[in-house]
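Just so you know, these numbers come straight off a predicted model, no measurement behind them. Naming convention: chains lettered A, B, ... in sequence-line order (proteins, then strands); numbering from 1 in each chain.
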Number of protein chains: 2
Amino acid sequence: MAIASLTEKTDGITGKLKAPALMISAAPKTRIQKRNTANILEAALEVFSAVGYNGATVDGIAQAAKMSKPNLLYYFSSKEAIHVTLLEQLLDMWLDPLRALDADGVPKDEILAYVQRKLEMSRDMPRESRLFANEVLRGAPHLSADTKNALKALVDQKAAVIQGWVDAGQIAPVHPYHLIFSIWAQTQHYADFDVQVRAVLPEAEARDPFPTAARHLQQMFERMLAI
Amino acid sequence: MAIASLTEKTDGITGKLKAPALMISAAPKTRIQKRNTANILEAALEVFSAVGYNGATVDGIAQAAKMSKPNLLYYFSSKEAIHVTLLEQLLDMWLDPLRALDADGVPKDEILAYVQRKLEMSRDMPRESRLFANEVLRGAPHLSADTKNALKALVDQKAAVIQGWVDAGQIAPVHPYHLIFSIWAQTQHYADFDVQVRAVLPEAEARDPFPTAARHLQQMFERMLAI
DNA sequence: CGCGTCTTTGACCAAGCGGTCAATTGGGAC
DNA sequence: GTCCCAATTGACCGCTTGGTCAAAGACGCG
């Protein structure tokens, strides 16, 4: 598992800095810049995931990052720039579990492990899940074509792996793309619709739906894939 | 199936009318009131589902309903009132497929039929799905306690039915609540994350993901429930 | 026709928004 | 220390927003 805290991951920042009438396109260098951009992105994740892009205010993010609004805008040229940076930066991490799906592993184990990793992400990183859910719900207006292509390429590759397992008779016949959608939908459901899940579940389970969810999903995909 | 067009369903409107310094709490009576409230709610569904609550503007909804903003506010006292009315009014329709789950039917058939009905709703009423997704994502701030209780009561009842089928050995052992979540998550995924589904799927299927999705989900739950 | 009520709207307002700017403060290299 | 650039901020601006209001228009009924 070993999911790193967000604030630790400050590499790969693509946010554009702005000196008065000057844009620095390279990655930030100074220690203070790293700290502040990380703080801003952490605060933005908190706010965006809670109230969505339109519901968030620059001032609100600035307060959550414990700095003034103009200071925040010294590091990111606009609210949109923060959002875009956040999305691009987190998508990589978000796809790690799928990337780890190993074509040379035991098919059923690989898929079940993927389900469990994805469910753990819903449990440990619900804000990221809601951020993406919000973005995709609105038609992904802030995701670049490059990012979408990279996502598609990864899914294509892993779908081919799954299809290979089907063809080799190692798992029951499944539509590989829809299988991946099933995994995404069911695992992310526990992050995105958390309040609904807890509102509906009997009290004892509502306190922590994840243990029973994990067992349910394992059961589900085991039966789905059994030869 | 026979899903009625939204504009036809004008009964049960609970929106408060406002004459100058006067609130009419009863349902609207005149023909013109019915027409206008229906137009407003249809326009609001279009706008809210596309850009979310915070992204929507009263003026935008008014324009979509082909009327002026003050006129719209003559029928609904606030933007929030429109949203609340819309949610409460649509939730009933939204839960119809689950309500139709028949304790006296053939268990596997009942559940598979529920899955198909729910998937049809995602195909035919994606705006409603996104409206609810948006609301729940934000923590359901506009859903009354009554509504949440009614939802829970319905799910409790149907979960008991499913549990009964399990106990009678008519379907394989499953966690009834998580089974319902699995159905919700996977069917609504095709409405809420439509752009992602189409972006990832091979072109031929992306044009209409629903036929293959229907087969996939039938397969999935068949294997899940088989004794 | 006249008349009261329902409906519609242009003009307006206060608040909040994203973003700018000039001016101030702080930090590090020498 | 000092000097320069990075970092920070209070004040401000133009615009959009949700909502109000007074007045005008349309409708129905005698």
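The aromatic rings of B:His83 and B:Phe48 lie perpendicular to each other, with more than 60° between the two planes, well past the 30° mark. Under the 30°/60° scheme for interplanar angles, the aromatic rings of B:His178 and A:Tyr190 are found to be tilted.
An OP1 or OP2 oxygen of C:dG27 is reached within less than 4.0 angstrom by no side-chain nitrogen or oxygen of A:Arg31. Look at A:Arg35 and you won't find any side-chain N or O under 4.0 angstrom from OP1 or OP2 of D:dA6.
Contacts of residues 51-70 of chain B with DNA chain C (heavy atom under 4.0 Å): B:Ser68, B:Pro70.
Atom CD of A:Gln33 is separated from atom C1' of D:dA6 by 8 Å (rounded to the nearest Å). Separating the NZ atom of A:Lys34 from the P atom of D:dA7 is a distance of 13 Å, rounded to the nearest angstrom. Summarising the geometry, the separation between OH on A:Tyr74 and P on C:dG26 is reported as 16 Å, rounded to the nearest angstrom. Here the C1' atom of nucleotide C:dT8 and the CG atom of B:Leu72 are 12 Å apart, to the nearest Å. Atom CG of A:Asn36 is separated from atom P of C:dG27 by 12 Å (rounded to the nearest Å). In this structure, B:Ile40 places its CD1 atom 15 Å from C1' of D:dG18, rounding to the nearest Å. To the nearest angstrom, P of C:dG26 lies 13 Å from CG of A:Asn71. Distance, A:Lys79 NZ to C:dT20 P: 15 Å, rounded to whole Å.
A:Thr147 pairs by the side-chain hydrogen bond (donor to acceptor under 3.5 Å, both in side chains) definition with A:Glu88, A:Ser144, not counting sequence neighbours.
A distance-only check finds no donor-acceptor pair linking the side chain of B:Gln188 to the backbone of B:Ser122 [under 3.5 Å]. Under the 3.5 Å distance criterion, the side-chain polar atoms of B:Arg138 are matched with a main-chain donor or acceptor of B:Asn134.
Among C:dG19, D:dT20, D:dT8, the nucleotide with an atom closest to any side-chain atom of B:Leu73 is D:dT20.
The residue among B:Ser78 and A:Ile32 whose nearest nucleotide of DNA chain D lies closer to the 5′ end is A:Ile32.
Smallest separation of non-hydrogen atoms from A:Met121 and A:Pro97: SD-CG, 3.1 Å.
Cation-pi geometry between A:Lys79 and A:Tyr53 is met: under 6.0 angstrom from the ring centre, within 45 degrees of the axis.
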